[in-house]
Amino acid sequence: AASEPGADAAAEAAEAAAAAQQKALLTKVNRALEAAARDGDAQAAERLLRELEAAGGQPVTGTYNLVIRASGRNGDVAACERWLQRMEEAGIRVTVATYNTILDACSKAGAANACEQWMHRMVEKGCRPNAVSYATLIYAHARHGHTSRAEKWMSLMIEAGITNDPVPFNALIHSYIGKGQAAGAARWLNEMRKLNLKPGVETFTSVIGACARARDMEGAERWLEVMEGDGIVPNVITYIAVIDACAKACNLPRAEYWHDRMLEQGVKPTAHVYTAIISACAKQSGPASGIREAAEKWLNKALELGVTADAGLYGSAIDACGKASDADGAWRIFCRMQENGVKPHVLAYAAVARPFAYRGEWEQVEVIAQQMLDEKVKPNEYFVYAQLLAYAVAQPRQAERAEECFRRSVRMGIEANEHTLSALVRAVGHGRCGEVLSELGVHRQPPPVPARGGLRRG
């Protein structure tokens with residue numbers, strides 16, 4: 001017998017109401033799962049899924065993906081695998097997003113090899129990797145400096161026709177930079193350009209910085225010009241990187257050229273720009289007065305342009321004078337720094353003490369040490385070295401003061417390195433140095449007595 005029309009309508013309405021209720025429940029749970037996944041709260045995600053099932057709800061692919069992501073945020077690969085297995089047993093479709101979440105968990109756990117294994121499993125299951133899959137695996141290798149493995153997967157990604165994502169390229173470039181291999185970084189930057197991926201200012205600047213650290217001034221300058229040719233506007237960090245490359249190459253004229261070019265382009269300089277230029281001044285040959293004048297010239301220029309002068313900027317000018325053995329110039333800039341309300345850091349104190357130390361003027365070094373004490377600036381091994389050196393080269397030699405200085409530094413937890421020990425040997429003698437080390441429980445052997453002038457300068 002046919003059912004009554006009214007009964008059919010009621011049944012359809014009940015089904016529709018139940019479906020709507022299920023949809024509302026699933027939407028509510030998924031929203032809560034999104035928050036749990038974002039926070040990496042795996043326990044909350046698991047509880048929400050169980051509550052959904054207890055209420056008769058039917059989890060979908062996206063639901064499980066969110067639960068897996070919550071575990072993956074903490075790098076819990078085992079939990080991700082457990083949820084994937086449960087997902088498969090329930091007959092719920094596994095998608096590329098599911099696998100990408102597990103790949104990301106492996107990457108966060110530092111398990112690059114496991115990441116590769118999941119990539120292979122993904123392919124075996126007939127799921128095609130996408131740009132995110134490759135980027136995650138490449139990053140997993142790149143972040144640990146595995147450039148050859150990262151390059152292998154980069155090549156596979158390109159062969160698969162996935163060349164529209166700059167993220168894996170940037171990861172590989174930064175991996176090479178982290179290993180100090182500017183040539184490898186430059187090679188992949190070129191590859192990005194060939195694929196029309198349009199590297200950004202940060203990528204170009206990173207490669208320029210890598211050239212600077214490799215003391216490749218020509219490479220740094222060439223990449224800045226390529227960058228401008230590609231329509232990318234350099235920022236102040238870019239100019240700092242190329243100026244630093246010039247400084248490391250001891251080429252003050254080129255550093256000055258890029259400074260002027262930066263101003264012409266309307267880029268506002270920072271203290272770091274002038275710190276780099278003054279560093280180039282410090283590396284010039286010539287009379288001490290010329291080096292001091294060049295350093296002070298650029299310090300003054302920075303102040304005239306309204307640059308906020310920090311301890312690093314003044315410290316670079318002090319260091320330039322120190323490396324030129326111009327103790328008086330270093331002291332004048334140090335006093336100017338204090339007069340202008342800039343508090344010196346320990347490196348500035350060490351830099352101003354060093355030229356006095358080479359002249360054996362231990363009284364002045366002690367004045368500087370007392371200022372540090374008054375300002376509650378803890379000395380480091382560089383300052384201790386300068387103070388010990390001052391006692392060692394003084395006429396007459398100040399052995400007792402040197403020994404007390406060294407004992408005090410050990411009590412303060414300052415490392416007794418080869419330089420401080422060489423200065424101590426020169427101040428108190430090899431035998432006495434050994435006795436002091438033994439008394440203080442410093443497990444180091446005193447170094448040989450250095451030849452006169454054999455201690456480091458600068």
Side-chain angles (χ1 to χ4, degrees), residues 33-46 61-62 64-88 94-160 162-181 184-185 188-189 191-192 197 199-200 202-203 206:
L33 279 171
E34 286 176 0
R38 186 172 56 249
D39 297 337
D41 191 343
Q43 290 184 345
E46 182 174 347
T61 298
Y64 274 99
N65 284 351
L66 288 169
V67 176
I68 292 172
R69 191 189 307 167
S71 297
R73 292 275 292 186
N74 301 313
D76 190 346
V77 181
C80 291
E81 185 171 5
R82 187 170 62 250
W83 283 110
L84 174 64
Q85 182 178 355
R86 182 171 170 183
M87 187 177 179
E88 290 174 329
V94 179
T95 65
V96 65
T98 313
Y99 283 109
N100 284 347
T101 302
I102 298 177
L103 291 174
D104 185 59
C106 292
S107 178
K108 284 185 168 66
N113 290 334
C115 206
E116 277 199 19
Q117 291 168 9
W118 276 101
M119 187 76 139
H120 288 304
R121 178 172 170 179
M122 174 182 183
V123 173
E124 289 167 1
K125 293 283 187 177
C127 190
R128 184 182 178 186
N130 62 13
V132 175
S133 314
Y134 282 106
T136 304
L137 179 50
I138 291 165
Y139 177 74
H141 281 300
R143 69 188 289 229
H144 293 291
H146 305 157
T147 49
S148 60
R149 301 296 295 172
E151 281 199 352
K152 169 201 165 184
W153 286 101
M154 181 75 83
S155 299
L156 290 172
M157 182 186 77
I158 294 172
E159 288 174 13
I162 301 173
T163 58
N164 60 348
D165 187 356
V167 171
F169 289 89
N170 286 328
L172 184 51
I173 287 168
H174 283 90
S175 180
Y176 272 112
I177 291 171
K179 295 177 73 173
Q181 297 177 6
W188 283 102
L189 177 54
E191 190 66 27
M192 285 186 77
L197 279 175
E202 294 83 4
T203 304
S206 295

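In this chain, residues are counted from 1 in sequence order. Just the heavy atoms: all of them, side chains too, but no hydrogens, waters or symmetry mates, feed the values below. Keep in mind the model is a prediction, meaning the values are calculated, not measured.
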Is there a side-chain contact between [X] and [Y] (heavy atoms, below 4.5 Å)?
X: Trp118; Y: Leu137; result: no
X: Val94; Y: Met122; result: no
X: Val132; Y: Asp104; result: no
X: Met87; Y: Thr61; result: yes
X: Ile68; Y: Ile102; result: yes
X: Lys152; Y: His141; result: no

Partners of Tyr176 by side-chain hydrogen bond (donor to acceptor under 3.5 Å, both in side chains), sequence neighbours excluded? Glu151, Arg187
Roughly how far, to the nearest 0.5 Å, is the [atom2] atom of [Y] from the [atom1] atom of [X]?
X: His144; Y: Tyr139; atom1: NE2; atom2: OH; value: 8.5 Å
X: Leu172; Y: Met154; atom1: CG; atom2: CE; value: 4.5 Å
X: Thr98; Y: Arg69; atom1: OG1; atom2: CZ; value: 10.0 Å
X: Lys125; Y: Arg121; atom1: NZ; atom2: CZ; value: 6.0 Å
X: Ser155; Y: Glu191; atom1: OG; atom2: CD; value: 8.5 Å
X: Gln181; Y: Thr147; atom1: CD; atom2: OG1; value: 5.5 Å

side-chain contact (heavy atoms from CB on, under 4.5 Å) between Leu66 and Glu34, worked out: CA-CA 6 Å; Leu66 288 169; Glu34 286 176 0; 3.8 Å; yes
Nearest non-hydrogen partners of [X] and [Y], listed with the distance:
X: His146; Y: Ala112; answer: ND1-CB, 4.5 Å
X: Ala70; Y: Asn74; answer: O-ND2, 3.6 Å
X: Lys179; Y: Gly145; answer: NZ-O, 3.1 Å
X: Thr95; Y: Cys127; answer: C-SG, 3.9 Å
X: Gly72; Y: Ala105; answer: CA-CB, 3.5 Å
X: Asn65; Y: Ala97; answer: ND2-CB, 3.9 Å

Between Ile173 and Met192, does a side-chain contact (heavy atoms from CB on, under 4.5 Å) hold up when you go through it step by step? CA-CA 10 Å; Ile173 287 168; Met192 285 186 77; 3.7 Å; yes
Counting distance only, does the side-chain N/O of [X] pair as donor-acceptor with the main-chain N or O of [Y] below 3.5 Å?
X: Asp76; Y: Ser71; value: no
X: Ser107; Y: Leu103; value: no
X: Arg73; Y: Arg38; value: yes

Does a donor on one side chain and an acceptor on the other come within less than 3.5 Å for Trp83 and Glu46? no
Does Tyr64, at its OH atom, have more than 12 non-hydrogen atoms belonging to other residues, nucleotides or ligands within less than 6.0 Å? yes
When you look at Tyr99 and Thr136, which way does the side-chain contact (heavy atoms from CB on, under 4.5 Å) test go after all the steps? CA-CA 11 Å; Tyr99 283 109; Thr136 304; over 6 Å; no
